[in-house]
Amino acid sequence: MFCKILSGGIAGVSACFVWVEVDMDRGLPCFSMVGSLGSGVRESRERVSVALKNTGFAMPAARVTVNLAPADVRKEGTAFDLPIAIGILQAMSYFPGTAAENILFLGELGLNGELKKVHGVLPIVQAAAAGGVRQCIVPEANAGEGAVIPGIAVRGASSISQVLDFLQQGSGEEQERILPRTVTDAEKLLKTQERCEEDFEQVNGQELAKRAAEIAAAGFHNLLMTGPPGAGKSMIARRIPGILPPLTVKESLEVTGIYSVAGLLEGGQALVTARPFQNPHHTVSRSALVGGHAQPKPGLISLSHRGILFMDELPEFGKAVIDSMRQPLEEHRVRIARAGGNVTYPADFMLVCAMNPCPCGYFPDRNRCRCSETQIQRYKSRVSGPIVDRIDLWVELQAVELSRLQGACREESSGLIRRRVEGARARQQERFAQTGYRFNADIRAEDMERFCPLGAGERRVMDQIYRSLQLGARAYHRVLKVARTIADLAGEESIREEHLLEASAYRPGEV
Amino acid sequence: MTEKRKYICWFYSVPGMGSRTMDKLFARCPDAEEAFCAGESLWRQVLTARQTEQLRSFAKCISPDELWGRIKDNNTRFVMRTDEAYPGRLRNIPDPPYALFVKGELPVQGRLSVAVVGARDCSEYGRYVAEGIGRAMGECGVQVISGMARGIDGISQNAVLEAGGRSFGVLGCGVDVCYPSSNRPLYEKLCEQGGVLSTHPPGTEPRPQHFPPRNRIVSGLADALIVVEAREKSGTLITVDMALEQGKEVYVVPGRVTDRLSDGCNRLIKQGAGVFLSPEDFLRELREGWQCGRGKAAQGGSLTAPEGLSGRLAQLAPEYRKVYEALDFAPLSVEQIRRRLEGEYSGPGLLAMLMSLCVERLAVQKSPGHFCLSGDVQ
């Protein structure tokens, strides 16, 4: 008796169909599995046979062969337990042969037959919906995640016997009663998400740093903050997600897909609703940051997709680690090639870095800072040039003064700042409507003239800035891009002199 | 005679050969060529075992002919204490160097010569003053001696040359080595409009132990020494000690008591050093007995406001003028600058105004959030 059950596997963050083929025949009793199986899948044999036994279906004394097709694609994970079990049950004729048609199964089995959470449900359900599949049966803990996708019925089951009950029913109503369809309203979920408690209201002073954070958020520019220890660099960084516009459904699906593949969604969590914020320690390894491992997994830069990667104490990160971000920063995705295969993960993140201005932390206060210019240069040069080139905004924080800490002055709330950011974003959306761009930070040199046109007076100012500040070509373009965002924040159609001048202030400074 | 110099030059180029050792050797054997040819047998009688060893390994390294050829190729002169060209001022200091390697000229005896020294990591205040002094000295035809180092040394020498004056750099390495390499343009200008000199043979790399003896020559070549900025413990103070030992006048640019970069200067003033108030004041005290240029320029002038600067300031819009006046030579944060100003300034607006001053080269952005007056007002 032969049958086949539909399931799915993950490659990178995209999914593909996997057919679980089960054949049961007379012969010496044995249970064998083939089809490029990883260790997690191979162990499935034990889980399935024990789970079936404990649910009341002893494995038949027959020769059982399971093949996971296509057989040349490597299979990983534990999500094939359920389709294998269902395949065996069908081969044993526990339910009509047509009952499992056009249903995709995913799930890990416990020895008692319960269904457990698996990784990567969202991309697989997405691929299934696109491929014309009408129903999915997944573990209960993953149902919300899958149900985000429209056009496909996702049902969450808690045990294998429940799934069998479902398949044995003839009528749709009965089926609906046993395994009701899960419904997730993504729009509503995103709207009702609670804002984070960290608010810019709580940051006293540091007006320029806040301003730079606002500009960075509006144009998705990368930001570097310098300042003495304790000035509030990480405090500001943590509050940037709060001034970014909320995730759109499309963005949220992208982010949820990555978190789903990485297995980082909490049980029952349907969507990632908050902008990601990742804050790796400076001992982070290269593959943990950009992704990797013999079987590729998304790294922190992909987990910060559409959100923020905050690197505190930037010069302490390994040079190789920092350099490995160059290509992802440029292309907004990372391609990982391993013996196990090539995968591409999205990595469109905003890089926020923090560092001390010099080894002792007090430069440019020459009364306290005894670092020589060479030492300062050496310290700065630990952050390699190509990364510096990708950072549009440099800003400095001052040591906080007591009066500011005690002062009752009202600071602007994140909500207010976010409204301005959203305005600037809307303006960018309009500008880039027919282009591949999303934000001002992405504008390439060749399109500078088109999107950042300057009037005669502004051109003269820019020439002066270029000459007297001795900017390079890249720095010149950085100033233009930032000025474009400042103008967007101010609601101006064209870039004005003061925008250029302010933009030119966000640079490393002279030692 | 050239033949003989070749051998003297060779002996002098051996590491560790000071003028006393040279004297000792040539007292025993006045002919340098013979002294070289006699070899170890003679050297061992006069010199220590270590020196003999040095000579022997140097002889293996390079022959007098080769060395001489290399010096000539370099356009370098070898000037001995006994030569006419040897600077008279140096001859009068205790233990004058036996000889000098010179590229370009040497300071002229009949002209006033001033050494300007100070901190390498100087402030904008130091930059401003050093530049002012350099310019004034250049215009008055005063020769400026310094060490061509980063900071005060290089800044003052550059200003002298810009003003068309003459300056001399005393190096702690060979005269064909430019250290620090960032001073390459200055080095080249010095070779044309003055000279660089050293006691080390061409090709010698800069070493920390070369610099204190170098300072002795800086002060030795000058009639007076001006210290612009120095910390409490600073190499500049070694130069001051040398100058006092050699009987030279020492003038010090006073600084604020809160500036650590001026601590060394203020202490010198307390100990009785001359106070440098302006080039004019300084030259008036010194110039008696010296030939200097005539006319207004030769007076030296003051350091308060160079003529070009006041013209540029007059062109500034009043609100920019106010921001300019709130600046200081010490770097101030934007917040501090705002507090010095009357009226409401928004952070980003003030930032744009400050950048505009930077573009005009009236201010300098020291770090992303700190600004100060520009010391470079040329």
Side-chain angles (χ1 to χ4, degrees), chain A residues 205-212 214-215 224-227 231 357-358 363-376 393-399 401 404 461-469 479 483 486 489-490 496-511, chain B residues 119-127 150-151 180 182 229 231-234 255-263 320 329-339 345-372 374-376:
Chain A
Q206 309 296 10
E207 192 191 354
L208 287 179
K210 284 196 231 168
R211 167 79 173 166
E214 181 180 332
I215 299 170
L224 188 142
M225 293 181 279
T226 63
C358 69
F363 185 82
D365 183 352
R366 275 302 190 184
N367 285 344
R368 291 174 82 183
C369 169
R370 287 296 305 263
C371 305
S372 73
E373 286 180 15
T374 344
Q375 275 176 312
I376 297 172
L393 291 156
W394 291 64
V395 72
E396 194 179 56
L397 282 77
Q398 322 303 305
E401 286 164 33
R404 275 292 199 170
V461 170
M462 200 56 209
D463 280 358
Q464 277 180 336
I465 292 176
Y466 180 74
R467 260 198 306 275
S468 49
L469 304 185
V479 171
I486 296 175
L489 276 171
R496 297 233 307 267
E497 281 180 25
E498 64 261 33
H499 304 148
L500 291 171
L501 284 167
E502 188 192 338
S504 67
Y506 303 114
R507 63 190 192 107
E510 290 166 10
V511 171
Chain B
R120 279 197 295 265
D121 49 344
C122 63
S123 70
E124 286 296 310
Y125 167 67
R127 171 183 293 274
R150 265 187 308 118
S182 57
E229 271 188 314
R231 290 185 186 270
E232 189 81 68
K233 280 178 190 158
S234 140
R256 290 192 283 210
V257 289
T258 51
D259 283 357
R260 299 286 81 81
L261 259 168
S262 288
D263 279 350
Y320 283 87
F329 281 120
L332 295 174
S333 73
V334 177
E335 190 56 42
Q336 285 168 320
I337 296 168
R338 177 155 59 181
R339 240 174 283 145
Y345 284 85
S346 77
L350 183 55
L351 199 59
M353 290 173 89
L354 285 166
M355 281 318 289
S356 164
L357 291 177
C358 289
V359 169
E360 300 281 337
R361 305 225 177 118
L362 293 169
V364 176
Q365 186 182 22
K366 283 308 257 189
S367 69
H370 279 83
F371 292 83
C372 63
S374 168
D376 178 14

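Numbers restart at 1 for each chain; the letters A, B, ... are given by sequence-line order, proteins then strands.
- Heavy-atom distances place no part of B:S123 under 4.5 Å from chain A, backbone and side chain included.
- Taking A:Y466 as the reference, A:Y476 meet the ring-ring contact (aromatic ring centres under 6.0 Å, His included) condition, with sequence neighbours excluded.
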*What's the verdict on side chain to side chain contact (heavy atoms under 4.5 Å, CB included) for A:R507 and B:M355, showing C-alpha distance, side-chain angles and the deciding distance?*
CA-CA 11 Å; A:R507 63 190 192 107; B:M355 281 318 289; 4.0 Å; yes
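- When the options A:H499, A:R211, A:E498 are evaluated for a side chain to side chain contact (heavy atoms under 4.5 Å, CB included) with B:P348, the one that passes is A:R211.
- Neither the backbone nor the side chain of A:R368 has a heavy atom closer than 4.5 Å to any heavy atom of chain B.
- Scanning for side chain to side chain contact (heavy atoms under 4.5 Å, CB included) contacts around B:R256 gives B:T258, B:D259, B:D328, B:A330, with sequence neighbours left out.
- With a 4.5 angstrom heavy-atom cutoff, A:L208 touches chain B only via side-chain atoms.
- Looking at A:C369, only its backbone comes within 4.5 Å of chain B, counting heavy atoms on both sides.
- Chain B forms the most heavy-atom pairs under 4.5 Å with one residue out of A:E497, A:Q464, A:R467, A:R370, and that residue is A:R370.
- Checked by atom type and distance alone, the side chain of B:E229 never pairs as donor or acceptor with a backbone atom of B:G255 at under 3.5 Å.
- The part of A:Q398 that comes within reach of chain B is its side chain, from C-beta onward, which places non-hydrogen atoms under 4.5 angstrom from that chain.
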*asked:* Under the criterion salt bridge (Lys or Arg N to Asp or Glu O under 4.0 Å), I'd like the reasoning laid out for A:K210 against A:E207: C-alpha separation, chi angles, the key distance, then a yes or no.
replied: CA-CA 5 Å; A:K210 284 196 231 168; A:E207 192 191 354; over 6 Å; no
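- Heavy-atom pairs under 4.5 Å with chain A peak, among B:R120, B:R231, B:Q336, at B:R231.
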